[in-house]
Amino acid sequence: MTYNAFHPPVRTLMGPGPSDVPPRILEALGRPTIGHLDPRFIDLMDQVKSLLQYVMQTENPLTMPVSAPGSAGMECCFVNLVEPGDKVIVCQNGVFGGRMKENVERCGGEAVMVQDAWGSPVDPQKLEDALKAHPDAGVVAFVHAETSTGAQSDAKTLVEIAHRHDCLTIVDAVTSLAGTPVKVDEWHIDAIYSGTQKCLSCVPGIAPVSFNERAQHKIGNRRHKPQSWFLDMNLVMGYWGQGARRAYHHTAPVNAMYALHEALLMVHEEGLENAWLRHRRNHEALKAGLEAMGLRFIVDRDHRLPQLNAVAIPDGVDDAAVRTRLLQEHHIEIGAGLGDLAGKVWRIGLMGYSSRIENITQCLAALDGVLADLGAPVNHGAALPAAEKVLAA
Ligand SMILES: *Cc1c(COP(=O)(O)O)cnc(C)c1O
């Protein structure tokens, strides 16, 4: 084997994450490493917390980035809020709800599953029924934006129902945060986790989390210590908590924090509402192009995520061949179907910095060309004019 420096190709990332990382964030990542307890780094941590509170629309003091990917954010919420014997209602409408079940069970809890079809949002009535049937449940968990299907659920309503039945809520906002409204305080979400590599367009590997007072109370009054030392919020708080007296817990990924800070600054500069609008507008343009081509969305119009567009693969078209040609000939990555939807859908992401007009036109042109070349039944040449009409409106 010979070893050479690794120079990745330049891709356009239009899958389910990671999204394109803007040069500005990559530049921030390369700044000199300093100590994780350096007073200047502590200042940066304070800024990161405050910017995260803005992006999550919360005043929760317990808001911070977990030093690990979105999956660790998920695990962090479950290990801190679920104790052995606890009953948790998990609403599942895609891949990630299944992971929530795994988490509950590994915490020693009992997961009661509320199932909805893949591509549909979580049905509030089914949650209500499950809570009536299980009055001893203490936690309700659901995915706000199911990246595996492109469906968005009504987080505000689901949280309201859970609270009427005296349950805490755990919300997965990995794909929704910064792409579509997420209002932690207004919606009274108790515990929420996200990721950096989707609509924040930061490097992968960090998971913002936030816990409100009710959740913090539960964490502070547990009967057992969480089985994870690393993710135990009572310990992590010693490092990420308020005030100057921060103590070593683990070495923060210092440079990744520079990158996160830069990513959050970019959202702040654009304005959160403007970021939501941009995602919505660009989705409309991509949608017009895909539909003009003859492709069909698998999620109802009212529940579509602007940042994750799942379309059915036309009959007889070779899924892998199309994705391979997009990647190799056009350097564009789109996502394959997951789980039940493997081989049936493509998932086209317009997340964060990937949600740009040039990405939409490049992707539509490339997809149109590849599909026409493979003899797929598409309206060749119709996509770009349709998208451009929306963009010009
Ligand atoms: C991507 C994703 C995760 C996992 O995040 P990683 O950073 O890949 O660990 C969890 N939930 C949802 C809804 C996601 O889209």
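Any value given below was found using the heavy atoms of this structure, including those in side chains, with hydrogens, waters and symmetry copies removed. Note that the numbering runs from 1 along the sequence shown for the chain. One-based numbering, in listed order, for ligands and for the atoms of each.
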_Any nitrogen or oxygen of Y193 lying under 3.5 Å from a nitrogen or oxygen in ligand 1? Just yes or no._
no
*So, does D318 use its side chain to make a donor-acceptor pair with the main chain of A321 at under 3.5 Å?*
yes
*For ligand 1, which atoms, with element, lie under 4.0 Å from some heavy atom of T147?*
12 (C), 13 (C), 14 (C), 15 (O)
*Would you check whether A145 reaches within less than 4.0 Å of ligand 1, judged by its heavy atoms?*
yes
*Indicate yes or no: does an N/O atom of G70 lie under 3.5 Å from an N/O atom of ligand 1?*
yes
*asked:* Tell me if the centroids of the rings in H163 and W187 come within less than 6.0 Å of each other.
replied: no
*asked:* Quick check on the hydrophobic clustering: are I348 and V95 connected, directly or via other members, by side-chain heavy-atom contacts under 4.5 Å?
replied: no
_To check you understand the geometry: which heavy-atom pair defines the closest contact between V55 and L272, and what is its length?_
O-CD2, 3.6 Å
*Are I206 and W240 connected in the hydrophobic side-chain network, where two residues link if heavy atoms are under 4.5 Å apart?*
yes
_In this structure, does ligand 1 have an atom that sits under 4.0 Å from one of the heavy atoms of K198?_
yes
*asked:* Tell me the protein heavy atom at minimum distance from atom 3 (C) of ligand 1, and give that distance in Å.
replied: F96 CE2, 3.5 Å
_Heavy atoms only, cut-off 4.0 Å: how does Q197 contact ligand 1, side chain, backbone, both, or neither?_
side chain
*Within the distance-only criterion (no hydrogens, no angle test), does the side chain of Q57 pair as donor or acceptor with the backbone N or O of V182 below 3.5 angstrom?*
no
*Tell me which one of V143, V95, T175, D172 gets a heavy atom nearest to atom 12 (C) of ligand 1.*
D172
